[in-house]
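As structure tokens, the structure follows; a few thoughts come after it.
Atoms considered below: every heavy atom in the structure, side chains included; atoms not considered: hydrogens, waters and symmetry mates. Order of the sequence lines sets the chain letters (A, B, ...), proteins ahead of strands, with each chain counted from 1.
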There are 2 protein chains.
Amino acid sequence: MRKETSSNALNEKKINATCGMGYALSLIGGRWKSNILWRLLNSDKLRYSELRRLIPGISERMLVSQLRELEADQLVLRVVYPEVPPRVEYALTDLGKSMRPMLQSISDWGEMHRKVTAED
Amino acid sequence: MRKETSSNALNEKKINATCGMGYALSLIGGRWKSNILWRLLNSDKLRYSELRRLIPGISERMLVSQLRELEADQLVLRVVYPEVPPRVEYALTDLGKSMRPMLQSISDWGEMHRKVTAED
DNA sequence: CGCATAACTTACTTTTTTATCAGTACCTGA
DNA sequence: TCAGGTACTGATAAAAAAGTAAGTTATGCG
């Protein structure tokens with residue numbers, strides 16, 4: 001759980017309140033979020049079980065919690081079909097889709113950095 | 001300290017090895033890094049004490065450790081002047097400067113997201 | 001009835017990251 | 001000689017993030 005009054009939490013809050021960059025990173029910075037977002041950017045929508053299969057190594061707990069956070073931040077839409085067995089589909093919202101150029105530039109820069117520093 | 005063989009560490013390693021985005025985020029994702037990088041982007045070079053003053057709330061230990069990581073990742077250059085009292089200046093490397101468009105796009109998107117979600 | 005299935009929960013532990021706070025070395029000017 | 005500035009280091013503790021493993025729910029099918 002989060003302790004809202006710790007220096008830790010307060011520092012994070014202060015940073016995010018003043019800096020768009022810190023704020024944005026807090027939204028996409030979870031361990032598995034980039035991976036999840038990447039999958040969703042490349043396919044219209046995905047079921048929970050598809051995401052689980054596509055992302056090797058992720059636990060159910062992590063998959064759910066990252067999805068819930070993305071949903072709370074209005075980046076991902078969760079659609080439940082009242083069937084048995086259940087079916088739940090995840091898709092990017094418009095706000096989520098607006099991340100594409102940013103995510104692309106992060107990805108490109110990362111690959112560039114990796115290449116450049118590998119030469120040493 | 002880091003335990004290189006934990007599932008946690010292995011997961012991170014695997015993600016970063018395959019995904020430029022995860023890799024890039026691991027370089028700029030520290031609590032204070034965006035702040036430090038922002039300052040350095042906006043001024044040619046800064047002394048340790050200037051950074052400390054510019055970034056309210058950061059502890060010396062955090063400032064040093066974040067700078068050291070940035071240095072290890074070849075994003076920041078550390079120049080020591082053998083004077084008394086000591087003078088140490090930090091500046092972005094060329095690789096560091098190459099982050100500007102990426103950081104700008106992260107920042108812009110963050111501000112946009114904040115504005116849009118504040119309307120609810 | 002009892003099993004299978006999808007999409008989760010819950011309880012708990014481990015690992016990682018941040019914070020706190022007290023040093024250190026060096027010379028200098030008073 | 002002694003306080004003061006600069007740029008740190010180290011030990012320890014607190015907080016947060018991530019991982020592990022075992023439930024849960026609802027229902028259609030054999």
Using a cut-off of 4.0 Å on non-hydrogen atoms, how would the nucleic acid contact of [X] be classed: base, sugar-phosphate, or nothing?
| X | result |
| --- | --- |
| B/R2 | sugar-phosphate |
| B/S59 | base |
| B/R61 | base |
| A/Y81 | nothing |

So, is [X] close to the [N] phosphate, meaning a side-chain N or O under 4.0 Å from OP1 or OP2?
| X | N | value |
| --- | --- | --- |
| B/R87 | D/dC8 | no |
| B/N8 | D/dA17 | no |
| B/Y48 | D/dT9 | no |
| B/R78 | D/dC8 | yes |

May I have the distance from [X] (atom [atom1]) to [N] (atom [atom2]), rounded to whole angstrom?
| X | N | atom1 | atom2 | answer |
| --- | --- | --- | --- | --- |
| B/K3 | C/dT17 | NZ | P | 14 Å |
| B/E60 | C/dC21 | CD | C1' | 11 Å |
| B/I58 | C/dC21 | CD1 | C1' | 16 Å |
| A/Y90 | C/dC8 | OH | C1' | 8 Å |
| A/R53 | C/dC8 | CZ | C1' | 15 Å |
| A/Q66 | D/dA17 | CD | P | 10 Å |
| B/L10 | C/dT16 | CG | P | 9 Å |
| B/L27 | C/dT17 | CG | P | 13 Å |

* Structure fact -> Assert: residue with more 5' nearest nucleotide on DNA chain C, out of A/V84 and A/V80, is A/V84
* **Residue whose closest nucleotide on DNA chain C lies nearer the 5' end, B/G57 versus A/R47** => A/R47
* Asked: Any salt bridge between A/E50 and A/R39, counting N to O under 4.0 Å?
  -> no
* **Side-chain H-bond candidate by donor/acceptor type, B/R114 with A/N16, under 3.5 Å** => no
* Any A/K33 side-chain heavy atom under 4.5 Å of A/E69 side chain -> yes
* Should B/I106 and A/I28 count as side-chain neighbours, where that means a heavy-atom distance under 4.5 Å? -> no
* **Closest nucleotide among D/dA16, D/dA7, C/dA19 to the B/M62 side chain** => C/dA19
* From B/L95, B/T93, B/L92, residue fulfilling side-chain contact (heavy atoms from CB on, under 4.5 Å) relative to B/V76 -> B/L92
* Structure fact -> Residue pair A/P85/A/W32 against DNA chain D: nearer the 5' end by closest nucleotide is A/W32
* Asked: Start at the 5' end of DNA chain D and walk down; is the nucleotide closest to B/S7 or to A/S6 reached first?
  -> A/S6
* Asked: Think A/R47 forms a cation-pi with A/Y90, using NZ or CZ under 6.0 Å from the six-ring centre and within 45 degrees of its axis?
  -> no
